[in-house]
Amino acid sequence: MIEKQIPEFTETVFFNKKNKYALLIPLFNEGERYFEQVEKMKNNNIFSIVDVIVCDAGSTDGTTDISFLKKNGHRALLTRKGKGRYSTDLRMGYFWALQQEYEGIISVDGNNKDDTCAVPNFIQKLNEGYDYIQGSRYVKGGKAINTPFIRHWALKLINEPIMTLCAGKHLSDTTNGFRAYSKKFLEDDRVLPFREIFWGYELIYYLPIRACRLGFKTIEIPVTRAYPKGEVPSKVGGIKGNIYQLSILHHCIWNHYLPGREYKLEKR
């Protein structure tokens, strides 16, 4: 059994576990976008049906102020202390949530692009026994609003066909971080998400492929993802960012993220 590789982090817990599922929100200086997202979540009663956990990368813009989080119903704040990016923060959150014995984990970005009204639908699918639930703006009922032209066509012409090939099952929106996993899937010895090779955005690609290939119960459900006009709230972009995304797809094709194969990747 490979030892779990967990980033060092601190935790601030505001109340005991109340719900069956946790909602993880990776966050880093999203500012007003996250404040607006919290208001929408409150209006849609999200804080009462899941325990909301912020997975912070060191925000300094007030979005992770203890008073703000506690007042608005968050269960806990996890703050990464060392280096890392998106997958590092997810590993931190997955580990903590599983230690808290949640039966499933939902994740959504904190930049206010995703309509969190869909959270009850993820809960329903987890209750129905699905192990990987992918939110998709491209299935019936989903909505893609103001998606940048280049992003849309890169997803449809590159990401979607490659991910579908690797998974052996059609995957329409795998760059979308609005998704859910069962405890059974994340703790399976053939999956092993708690490895340092998952540092940036690798987990977003690896986990759906692994779920499909191992025969776990998977489904895509409709969600709405809206980009503000003239703005792309994302931590990935530019030539370097796009090359990085393509490199992840390359490693997926060659199965480099499988347990025992990660030695083939360059160390960061």
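The first residue of the sequence shown is numbered 1, and numbering continues consecutively from there. These numbers come from a predicted model, not from an experiment.
- Partners of Glu128 under the side-chain contact (heavy atoms from CB on, under 4.5 Å) rule, at least two apart in sequence or in another chain, are Gln124, Lys125, Tyr130.
- In the hydrophobic clustering of this structure, Met92 does not group with Val54; members are Ile, Leu, Val, Met, Phe, Trp, Tyr whose side-chain heavy atoms approach within less than 4.5 Å, directly or through other members.
- In this structure Thr224 satisfies the side-chain contact (heavy atoms from CB on, under 4.5 Å) test together with Asp115, Lys143, Ile145, sequence neighbours excluded.
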| task | Might you work through the side-chain contact (heavy atoms from CB on, under 4.5 Å) test for Leu23 and Met41, ending with a clear yes or no? | result | CA-CA 11 Å; Leu23 175 65; Met41 291 169 62; 3.7 Å; yes
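- Shown here is Asn16, whose CG atom has no more than 12 heavy atoms of other residues, nucleotides or ligands within 6.0 Å.
- The heavy-atom pair separating Gln37 from Gly110 by the smallest distance is OE1-C, 3.4 Å.
- For the residue pair Thr63 / Asp61, a side-chain donor-acceptor distance below 3.5 Å is found, with atom types taken as modelled.
- Salt-bridge annotation for Glu8 and Lys81: present, with a side-chain N of the basic residue lying under 4.0 Å from a carboxylate O of the acidic one.
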**Prompt:** Hey, mind stepping through Ile6 and Arg91 against side-chain contact (heavy atoms from CB on, under 4.5 Å) and telling me if it holds?
**Reply:** CA-CA 7 Å; Ile6 313 300; Arg91 281 191 288 124; 5.6 Å; no
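- For Trp199 against Gly84, the heavy-atom pair with the smallest separation is NE1-CA, 3.3 Å.
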Discussion item. Could you go through Asn176 and Asp114, starting from their C-alpha distance and side-chain angles, then the distance that decides it, and tell me whether this counts as side-chain contact (heavy atoms from CB on, under 4.5 Å)?
Written reply: CA-CA 9 Å; Asn176 194 331; Asp114 300 294; 3.6 Å; yes
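- Across all non-hydrogen atoms, the minimal contact from Cys55 to Gly93 is SG-CA, 3.7 Å.
- Under the salt bridge (Lys or Arg N to Asp or Glu O under 4.0 Å) criterion, Lys70 pairs with no residue at all, not counting sequence neighbours.
- When side chains are defined from C-beta on, Glu202 does not count as touching Ile197, because their heavy atoms never get closer than 4.5 Å.
- Checked against side chain to side chain donor-acceptor pair (under 3.5 Å), Ser48 has the following partners two or more places apart in sequence or in another chain: Asn45.
- Contact check for Leu77 versus Ile66: side-chain heavy atoms found under the 4.5 Å cut-off.
- No donor-acceptor distance shorter than 3.5 angstrom exists from the side chain of Glu220 to the backbone of Ile133, with no hydrogens or angles considered.
- Here the closest non-hydrogen pair linking Thr116 and Ile46 is O-CD1, 3.4 Å.
- Cluster partners of Leu155, by chain and number: Tyr138. The rule joins Ile, Leu, Val, Met, Phe, Trp and Tyr whenever side-chain heavy atoms lie under 4.5 Å apart.
- Between Asn112 and Arg33 the shortest heavy-atom distance is CB-O, 3.2 Å.
- Proximity of Cys252 to Tyr206: side-chain heavy atoms (C-beta onward) are nowhere separated by under 4.5 Å.
- Judged as a salt bridge (Lys or Arg N to Asp or Glu O under 4.0 Å), and not counting sequence neighbours, Lys217 has no contacts.
- Taken from CD1 in Ile123 to CG in Asn19, the straight-line distance is 7.5 Å, to the nearest 0.5 Å.
- Under the salt bridge (Lys or Arg N to Asp or Glu O under 4.0 Å) criterion, Asp188 pairs with Arg190, not counting sequence neighbours.
- Within 6.0 Å of the NZ atom in Lys184, the count of heavy atoms belonging to other residues, nucleotides or ligands does not exceed 12.
- Using bins of under 30°, 30° to 60° and over 60° for the plane-to-plane angle, the ring pair Phe198/Tyr257 lands in the tilted bin.
- For Tyr201 and Tyr86, the distance between ring centers is under 6.0 angstrom.
- Here the side chain of Ser107 pairs no donor or acceptor atom with the backbone of Leu90 at under 3.5 angstrom.
- For Tyr205, the ring pair (Phe, Tyr, Trp, His ring centres under 6.0 Å) criterion is met by no residue, not counting sequence neighbours.
- Ion pairing of Arg225 with Asp109 is present here, as a side-chain N (NZ or NE/NH1/NH2) and a carboxylate O approach within less than 4.0 Å.
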Arg179 and Gln134: side-chain hydrogen bond (donor to acceptor under 3.5 Å, both in side chains), yes or no, with the steps? CA-CA 5 Å; Arg179 49 178 67 190; Gln134 174 65 62; 3.0 Å; yes
Intermediate values then yes/no, side-chain contact (heavy atoms from CB on, under 4.5 Å), Thr218 and Asp131: CA-CA 6 Å; Thr218 67; Asp131 298 297; 5.8 Å; no
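- For the pair Lys4/Arg195, no side-chain contact is recorded, criterion being any heavy-atom separation below 4.5 Å from C-beta on.
- In terms of the salt bridge (Lys or Arg N to Asp or Glu O under 4.0 Å) criterion, residue partners of Arg80 (sequence neighbours excluded) are, by chain and number, Asp89.
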**Request:** Might you work through the side-chain hydrogen bond (donor to acceptor under 3.5 Å, both in side chains) test for Thr174 and Asn159, ending with a clear yes or no?
**Result:** CA-CA 8 Å; Thr174 52; Asn159 188 282; 2.7 Å; yes
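- Taking the side-chain contact (heavy atoms from CB on, under 4.5 Å) definition, one finds that Asn72 meets it with Val38, Glu39, Lys42, Phe68, His74, sequence neighbours left out.
- When hydrophobic clusters are built by joining Ile, Leu, Val, Met, Phe, Trp and Tyr residues whose side-chain heavy atoms come closer than 4.5 Å, directly or via intermediates, Ile106 is not grouped with Val139.
- For His170 and Glu160, the side-chain atoms include at least one donor-acceptor pair closer than 3.5 Å.
- A donor-acceptor contact closer than 3.5 angstrom is absent between the side chains of Ser59 and Thr64.
- Closest heavy-atom contact between Ala180 and Leu126: CB-CD1, 4.2 Å.
- Taking the charged nitrogens against the carboxylate oxygens, Asp51 and Lys17 have no contact shorter than 4.0 Å, which rules out a salt bridge.
- Between Leu203 and Pro193, some side-chain heavy-atom pair lies under the 4.5 Å cut-off.
- Applying the ring pair (Phe, Tyr, Trp, His ring centres under 6.0 Å) test to residues at least two apart or on different chains, the pairs with a partner in residues 91-117 are Tyr94-Tyr181.
- At a threshold of 4.5 Å between non-hydrogen side-chain atoms, the residues Asp173 and Arg137 count as touching.
- The shortest distance between side-chain heavy atoms of Leu207 and Phe185 falls below 4.5 Å.
- A single hydrophobic cluster is seen to contain both Phe216 and Leu171, as judged by linkage of ILVMFWY side chains at heavy-atom distances under 4.5 Å, directly or through other members.
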*asked:* Run Phe178 and Phe122 through ring-ring contact (aromatic ring centres under 6.0 Å, His included) and show every step you take.
replied: CA-CA 9 Å; Phe178 203 177; Phe122 284 93; 4.6 Å; yes
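- Taken together through direct or relayed side-chain contacts under 4.5 Å among Ile, Leu, Val, Met, Phe, Trp and Tyr, Leu98 and Ile25 form parts of separate hydrophobic clusters.
- Heavy atoms of other residues, nucleotides or ligands lying less than 6.0 angstrom from CD1 of Ile219 number more than 12.
- Counting only N and O atoms by type, the side chains of Lys169 and Thr164 include no donor and acceptor under 3.5 Å apart.
- A search for side-chain contact (heavy atoms from CB on, under 4.5 Å) contacts involving Ile158 returns Ile162, Leu246, Leu249, not counting sequence neighbours.
- Under the 4.5 Å side-chain heavy-atom criterion for Ile, Leu, Val, Met, Phe, Trp and Tyr, Phe28 and Val108 are members of distinct hydrophobic clusters.
- Residues Pro208 and Met163 form a side-chain contact, since some pair of their non-hydrogen atoms from C-beta on lies under 4.5 Å apart.
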